[in-house]
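Atoms within each ligand, like the ligands themselves, are counted from 1 in listed order. Count residues from 1 along the sequence.
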Amino acid sequence: MTLNDIKKVAGIGGGVIGGSWAVLFAMKGLKVTLFDINDDCIAADKKTIETNIDFLVENGAIKDKNAVLANISYTTSMEEAVKDAQFIQESGPERLNIKQDNLAKIEEFAPADAIFATSASGLPLGEITANAVHPERCVGGHPYNPPHLIPLVEITKTEKTDPKVVELAKEFYQSIGKEAVVLHKDCPGYICNRLQLAVFREAIDLVKRGVCSVEDVDKALTFGPGIRWAIFGHNMIMQLGNKDGISGMIDMLGGGYNLCADIAAWDTIPADYGKIAQEQVDEMMKNFSDEIGHDNASISKYRDKMLIEILKLHGKF
Ligand SMILES: NC(=O)c1ccc[n+]([C@@H]2O[C@H](COP(=O)([O-])OP(=O)(O)OC[C@H]3O[C@@H](n4cnc5c(N)ncnc54)[C@H](O)[C@@H]3O)[C@@H](O)[C@H]2O)c1
């Protein structure tokens with residue numbers, strides 16, 4: 001199979017992620033059949049998809065809403081969803097047994113060379129595909145939410161994945177505008193969720209140690225590193241921060257105060273942090289301007305509008 005052969009995608013699960021992938025595939029001209037477990041779920045998926053499309057229409061990325069909608073069909077039959085698909089994007093719940101069961105059903109009905117890509121955000125691909133009949137065509141295709149806006153996809157593989165499948169999956173994602181990174185080996189949490197958790201662990205620790213408030217830790221991230229990270233990754237930022245480049249920066253950091261020894265190292269998320277943070281986040285939301293909004297739906301919309309401005313600067317929207 002080559003890139004030109006990929007014309008039909010099966011989406012398995014149409015929630016936050018599946019409903020976003022479906023829009024991206026459909027707006028790029030691919031036919032999508034979306035599987036969900038019952039009619040109520042499909043009704044919810046249709047709403048998610050319509051909201052995503054409306055947002056893209058409002059912001060000029062989609063001209064013809066009906067043409068995009070016409071590329072998406074819905075089914076509660078796994079056979080119907082995958083029987084003539086060349087690419088399968090699985091976005092069901094993050095539960096190992098569900099992912100394994102779905103893969104078994106997919107293998108029953110899908111063409112043997114159809115690529116299986118899971119959106120799983122933490123489960124190692126090796127565990128999801130442990131019982132696969134065709135592990136050679138299985139990859140992880142981990143998006144960043146929402147995939148119809150954020151370019152990154154992390155591609156994972158196992159030692160059984162055919163390198164040609166990895167290459168084709170990468171080519172496919174790139175053909176629909178994604179920035180794809182391929183991990184050299186299977187690793188829980190992949191790249192981004194590990195990085196994100198490392199930062200979040202320290203953020204939680206700073207609040208719990210009484211160093212700063214939840215609001216200030218967010219403000220520090222947004223108006224400090226976050227604004228630079230929207231342009232370059234941390235290695236490049238380090239390169240630009242020292243006259244001798246990143247190697248000079250490492251020498252400087254190594255010779256200075258050993259902050260590494262003071263960084264949070266605990267191995268489970270403190271259960272009481274949810275309550276501590278929720279109270280402060282609720283207060284932050286109350287104090288936001290009306291332009292940003294005061295509830296999750298309007299604040300998400302504001303976030304996505306800002307994302308579009310950043311994507312435009314990168315030539316990605
Ligand atoms: N939400 C995120 O930020 C995010 C980001 C990247 C990856 N992911 C991953 O994407 C996947 C989906 O997450 P989500 O946030 O969209 O969840 P979600 O709960 O919004 O959606 C799950 C979807 O799966 C459907 N579903 C339920 N049982 C199913 C089954 N047995 N088989 C198939 N589908 C079933 C649901 O009806 C729903 O449409 C997970 O693996 C998650 O870890 C999530």
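A donor-acceptor contact closer than 3.5 angstrom is absent between the side chains of Gln278 and Tyr273.
Judged by a 6.0 Å distance limit and a 45° cone about the ring axis, Lys28 is not positioned over the six-membered ring of Trp21.
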Please tabulate, for side-chain N and O atoms in residues 222-230, each donor-acceptor pair with protein atoms closer than 3.5 Å (sequence neighbours left out).
residue	atom	partner	partner atom	Å
Thr222	OG1	Asp218	O	2.9
Trp229	NE1	His234	ND1	3.0

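Protein residues having at least one heavy atom under 4.0 Å from any atom of ligand 1 are Gly13, Gly14, Gly15, Val16, Ile17, Phe35, Asp36, Ile37, Cys41, Asp45, Ser91, Gly92, Pro93, Glu94, Ile98, Lys99, Asn102, Ser119, Ala120, Ser121, His142, Pro143, Asn145, listed by chain and number.
Checked against salt bridge (charged side-chain N to carboxylate O under 4.0 Å, His left out), Glu80 has the following partners two or more places apart in sequence or in another chain: Lys83.
For the pair Glu50 and Lys47, the salt-bridge criterion is not met [side-chain N within less than 4.0 Å of a carboxylate O].
The ring-ring contact (aromatic ring centres under 6.0 Å, His included) pairs that include a residue from residues 59-100 are Phe87-Phe172, Phe87-Tyr173, where partners are two or more places apart or lie in different chains.
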